[in-house]
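All chains are named by letter (A, B, ...) in the order of the sequence lines, taking the proteins before the strands, and each is independently numbered beginning at 1. Excluded from the calculations below are hydrogen atoms, water molecules and symmetry mates; all remaining heavy atoms, backbone and side chain alike, are included.
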2 protein chains.
Amino acid sequence: MAETLTPTALTLKDIAREAGVSLATVDRVLHNRTGVRPDTVRRVKEAIERNSFQPHVAAAELARGRARRFAFVMPSGPNPFMQQIEDYLGEMSGWLSARRLSVEMVATDVFDPSVLAASLEALSGDYDGIAVVALDHPGVRAAINDLVDAGTKVVTLVSDVPSSRRHHYVGIDNIAAGRTAGALVGRLVGQRSGKVAIVAGSQGLRDHAERIFGFNQVMTTEFPDLSVLPVLEGRDEDDRSEQLLARLFGQHADIVGLYNVGAGTQGVAKALSEAGRDKQVVFVGHDVTALTRRLLLQGVMDAAISQNPGHEARAAVRVLLALARGEPILHEQEKIRIDIVMRDNLP
Amino acid sequence: MAETLTPTALTLKDIAREAGVSLATVDRVLHNRTGVRPDTVRRVKEAIERNSFQPHVAAAELARGRARRFAFVMPSGPNPFMQQIEDYLGEMSGWLSARRLSVEMVATDVFDPSVLAASLEALSGDYDGIAVVALDHPGVRAAINDLVDAGTKVVTLVSDVPSSRRHHYVGIDNIAAGRTAGALVGRLVGQRSGKVAIVAGSQGLRDHAERIFGFNQVMTTEFPDLSVLPVLEGRDEDDRSEQLLARLFGQHADIVGLYNVGAGTQGVAKALSEAGRDKQVVFVGHDVTALTRRLLLQGVMDAAISQNPGHEARAAVRVLLALARGEPILHEQEKIRIDIVMRDNLP
DNA sequence: CTCAAAATGAGTTGCGTACCTCAAAACACC
DNA sequence: GGTGTTTTGAGGTACGCAACTCATTTTGAG
């Protein structure tokens, strides 16, 4: 009836005895230090496997002494999403200090590859782990690889650099996010046919491009009655988004759906209401902020695709810590899900 | 530019010096032991506050020696949702044993209050923490309170007993879940008018009743064109759900929406397809399982409301651990969100 | 066989806390 | 002033591991 999931309670000493070697040798194997014959390594590892031995994290943490330092490299300038990540890290401060972890925020221009690369290089050696909102660019990729080679653990946050050797990516699958947005717009529009508008920051941004790709994919295959208009590039700015959209509304009277890929939500909402179409057009955007929350409650916005920033911040810290400790990562736990947020399940 | 979020690195010794007392006294205060004058307690606590001192978790964990034992009291019998929770706990086994935590599963008939209460009483004293899928009943409430009084940490899982003194509830707000389901059915039905069917396990189950309540709330206020039919009680059984639903389809030709509150999804889907209405009726249900995943991909099911079982399992363990250690709980992290899962954001 | 290099054993120290004992000091009460 | 009780100090041990030193043994190359 009662089934135990965790047996062990062995120590390094037991493993040493099992393997017929000394404590020092087990320690050497455990930390990949040199000076152990391959055959001996094998014996020790087998003993560890056989007993499914797990070093006691608390003891290990206590013994190593030095605190661990992590850095979060994030975009400078006001950005609600990034601000939220920072806030959530602040909320963790008790948790962090109880584990003698320090997390520092480094603001930089993540959109300029050379500046970002330089910022990363400058951090080399000072940190045990780095989380970075990265641009996918050769210079950045090289900087990341250098950090990895220097022994620093690196995770990309929100935006990935898949071609680098970063240890982990904490963020969503943006193509799937775009597909989800497409499905929502299509389904919520219902039987009606008409046109669908897309407002993005820039198609040059990897995450935006991927979302648009996914969105179009779903629209063309599943909602042939809806035709997608050319993408408006609002540069994530409210004013510009509003103007572009206002013009579009003037040109097309039969717009039934709207997908806002990035920020600039305020401007998009304004254009909608000034055109008097805020209740007829299905409006799907990204991220739960104070603004989108209000728009959802008002019924102006119909759904928001969200990647929980709190979860991302915490996942990044946990992953960095697990990497630094050499622990396995709980992939299922650290995976960032694509949240669909509507009025009634607002967090 | 670089802003540190975590200063401290003091030890108990520093606090003792600060407060002008010995280590032993600090220890007494920290663990609420007797034999310390109120005035001294105050001085020590002030010193702790003033330096925002945090005991080093690793050191504390190491020093206490004994492993912690947790128990999960779950429904016996085959239940995919509970099975998933168990699976995820299994995936954590490395994480658990590295922290010298043991988690045991205790199966019982959670639907019989007296049996459940007896099971809980039987666990008293043996565990540091207990997670229980509880029925809200006076006997169960008393059993939970007894455990709490005995010093055991108790969290309710999936289904709450708000009137008890359990330390925490790990699960979703079921009224909000019902509202979300209602909004989805209403929005996805579109312009059409017609009837909406509800299949539940039993209206006597607290979570089911709450979901139905939320669902009706949204339907009546926001979708007056849709009329909700009386709730069918399928007892979470496939066959019974199917028969009840088949009969209903015979009686009403204009059913456009269907909300399956609990399990029995297989039967519901079968009734839908045998009536040849699987593509016309908007079908919203709960939980992502192998079955609902397939139904979503086939387009039979339109959306699933999900409370991530993996997240629940892990949250329950983390909360129990934090409670046992006397650490604060990261509420934002442990809160279970209501996930809307459609085909394109299937996890 | 010789010698240097490589591999291993044995041991120590310290991390910060929990928990325990025993003695000394402070206090309350009559 | 003496008694008993409460409060406090001082100190030790243990927890499991990391990291280090130094001595010893084994190995391989010449």
State whether A:Thr25 places a side-chain N or O below 4.0 Å from either non-bridging phosphate oxygen (OP1 or OP2) of C:dG9.
yes
Annotated protein contacts, base or backbone, on nucleotides 17-27 of chain C with a non-hydrogen cut-off under 4.0 Å, one of B, S, - each:
BSB-------S
Does any nucleotide pair with D:dG30 by Watson-Crick or G-U wobble geometry, both distances under 3.5 Å, and what is it?
C:dC1
Could you give the CD1-to-C1' distance, from B:Ile15 to C:dG16, as a whole number of Å?
13 Å
What's the CZ-P distance between B:Arg68 and D:dC15, to the nearest Å?
17 Å
Side-chain donor-acceptor pair present, A:Glu312, A:Tyr88, cut-off under 3.5 Å:
no
Between atom CZ in B:Arg17 and atom P in D:dA10, what is the gap in whole Å?
13 Å
Using residues 130-141 of chain A as the side-chain source, report each donor-acceptor pair under 3.5 Å to any protein atom, sequence neighbours left out, with the distance given to one decimal.
unit_1: A:Asp136; atom_1: OD2; unit_2: A:Arg206; atom_2: NH1; d: 2.8
unit_1: A:His137; atom_1: ND1; unit_2: A:Gly139; atom_2: N; d: 2.9
unit_1: A:Arg141; atom_1: NE; unit_2: A:Ser163; atom_2: OG; d: 2.7

Check ion pair A:Asp173-A:Lys335 (N to O, under 4.0 angstrom)
no
Taking atom C1' of C:dC15 as reference, at what distance in whole Å does atom CG of B:Asp14 sit?
14 Å
Would you say the side-chain atoms of A:Gln83 and A:Asp87 include a donor-acceptor pair closer than 3.5 Å?
yes
Nearest 0.5 Å, please: how far is CD in A:Glu61 from CG in B:Leu62?
11.5 Å
Residues A:Phe70 and A:Val317: closest non-hydrogen pair is CE1-O, 4.3 Å
